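Every value quoted in this text rests on a predicted model; they were computed, and no experiment measured them.
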Amino acid sequence: MKNAHLRMSSLRFTRVLRDTTIDITLRMDRMIAEHDADNRSAQCHLLSVIGNDQEIAAIAAAIADEARFYATGLEINRLMITLGEGAEVFRSSINIPGRSRLLRHLVAISEELSKTRAGGNPSARRTILCDDDRAFVLYRISVRFGLPVLPEWTDWFGQMLERKNAIDPLIGIGCAPVAVKGTKKRFLGWMGHALKHGAIKIPEDGQLTPWQVPISFSAELQETEDVAA
């Protein structure tokens, strides 16, 4: 992790006031975004930044005001982003040995991303996910919509998403996000058809295989964790 800050991206916020100009640049380690229809700006679904008290307070206020920011990094060129209406902000502190003052950490998520939790907006037509790992995708879709799925169906579901053009890569910093297109009714239809024609099966012995999904939230680290079905 030595010199990790040199590999981080940055988030810049600028606002001209009557008597002064606010110009803040923070280190950013995670971002999920997607281009708007005009391809000139992007809807941001998640950002994670660190800074001091004043910087984090200013960014939190700007997010509440639906302000626009500029994101830059190794993975992307200068990109104008906004989290839009209904964004949620979470703040915490980071204690670094040898540093007298705490760093402040801010994570913000869009309204759409916040509804990917279990039972969130059950009529949704798409789901934003922070990782493109097939097992993670199936697991998170099943949790959100309450789908009766098995880990053994992971490859089948991933192939179906690709065949139906139902998964799109998003802009990611520090992760490999995707947008999965489909409703609960659509996914249940896929499963019913696949079970009927033998593309997927339910084990006769009733033994449940634990889920193995990424826990690192990183495009570089691929640790997995067993999750009970």
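- Residue L102 belongs to no hydrophobic cluster, having no ILVMFWY side-chain heavy atom closer than 4.5 Å to its own.
- Connection of M160 to I202 is established within a shared hydrophobic cluster, with ILVMFWY side chains joined at heavy-atom distances below 4.5 Å, either directly or through further cluster members.
- Across all their heavy atoms, C175 and I32 have their closest contact at SG-CG1, 3.8 Å.
- Sequence neighbours left out, the pairs with a member in residues 54-73 that pass salt bridge (charged side-chain N to carboxylate O under 4.0 Å, His left out) are R15-D65.
- In this structure, H197 contributes its side chain and H193 its backbone to a donor-acceptor pair below 3.5 Å.
- A distance of 5.0 Å separates CD1 in I128 from CG in L170, rounded to the nearest 0.5 Å.
- Under the 4.0 Å criterion applied to side-chain N and carboxylate O atoms, R117 and E112 are not assigned as salt-bridge partners.
- Put simply, the side chain of H35 reaches to within 4.5 Å of the side chain of I171, judged on heavy atoms.
- To the nearest 0.5 Å, atom CZ of residue R12 and atom OG1 of residue T72 are 9.0 Å apart.
- In this structure, Q43 and I81 have side chains that are not in contact, with every pair of non-hydrogen atoms separated by 4.5 Å or more.
- The two residues L83 and I109 make their nearest non-hydrogen contact at CD2-C, 3.8 Å.
- Listed by chain and number, the residues in a side-chain hydrogen bond (donor to acceptor under 3.5 Å, both in side chains) with T25 amount to none (sequence neighbours excluded).
- In this view, T154 satisfies the side-chain hydrogen bond (donor to acceptor under 3.5 Å, both in side chains) rule with no residue, not counting sequence neighbours.
- For the atom pair CD1 of I76 and OG of S9, the computed distance is 6.0 Å after rounding to the nearest 0.5 Å.
- In terms of modelled atom types and a separation under 3.5 Å, the side chain of W153 and the main chain of M191 share no donor-acceptor contact.
- The aromatic rings of F187 and F145 are tilted relative to each other, their planes meeting at an angle between 30° and 60°.
- With rounding to the nearest 0.5 Å, the separation of CD1 in I63 from SG in C44 is 8.0 Å.
- Between atom OG of residue S110 and atom CG of residue L46 there is a gap of 8.0 Å, rounded to the nearest 0.5 Å.
- For F13, the ring pair (Phe, Tyr, Trp, His ring centres under 6.0 Å) partners are F69, not counting sequence neighbours.
- In this view, H105 satisfies the ring pair (Phe, Tyr, Trp, His ring centres under 6.0 Å) rule with no residue, not counting sequence neighbours.
- Side chains of V149 and Y139 form no contact here, defined as non-hydrogen atoms less than 4.5 Å apart.
- Here the side chains of L17 and I22 are in contact, with some heavy-atom distance below 4.5 Å.
- Side-chain polar atoms of T127 and T116 form no donor-acceptor pair below 3.5 angstrom.
- In this view, A57 and R91 satisfy the side chain to side chain contact (heavy atoms under 4.5 Å, CB included) rule, not counting sequence neighbours.
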Apply side-chain contact (heavy atoms from CB on, under 4.5 Å) to the pair D29 and I173, showing each step before the final yes or no.
CA-CA 7 Å; D29 65 316; I173 291 178; over 6 Å; no
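- Counting only heavy atoms from C-beta outward, the side chains of L106 and L26 never approach each other to under 4.5 Å.
- The salt bridge (charged side-chain N to carboxylate O under 4.0 Å, His left out) analysis of residues 143-155, with sequence neighbours excluded, yields the pairs R134-D155.
- For the salt bridge (charged side-chain N to carboxylate O under 4.0 Å, His left out) test, residues two or more places apart in sequence or in another chain that qualify with K181 are D168.
- To the nearest 0.5 Å, atoms OG (S142) and CG (L150) are separated by 10.0 Å.
- Closest of all the heavy-atom pairs between A108 and V89 is CB-CG2, 4.2 Å.
- What you find for F157 and V137 is that their closest heavy atoms are CE2-CG1, 4.2 Å.
- Listed here is the closest heavy atom pair of D36 and S41: OD2-OG, 2.8 Å.
- A search for side-chain hydrogen bond (donor to acceptor under 3.5 Å, both in side chains) contacts involving S123 returns N121, not counting sequence neighbours.
- Side-chain contact check for S10 versus M28: every heavy-atom pair is 4.5 Å or farther apart.
- Members clustered with Y70: M80, by chain and number, using a 4.5 Å side-chain heavy-atom cutoff among hydrophobic residues.
- For the residue pair V180 and L161, the shortest heavy atom distance occurs at CG1-CD2, 3.8 Å.
- The side-chain heavy atoms of R104 and I94, taken from C-beta on, include no pair separated by under 4.5 Å.
- Residues forming a side-chain hydrogen bond (donor to acceptor under 3.5 Å, both in side chains) with D132 (at least two apart in sequence, or on another chain): none.
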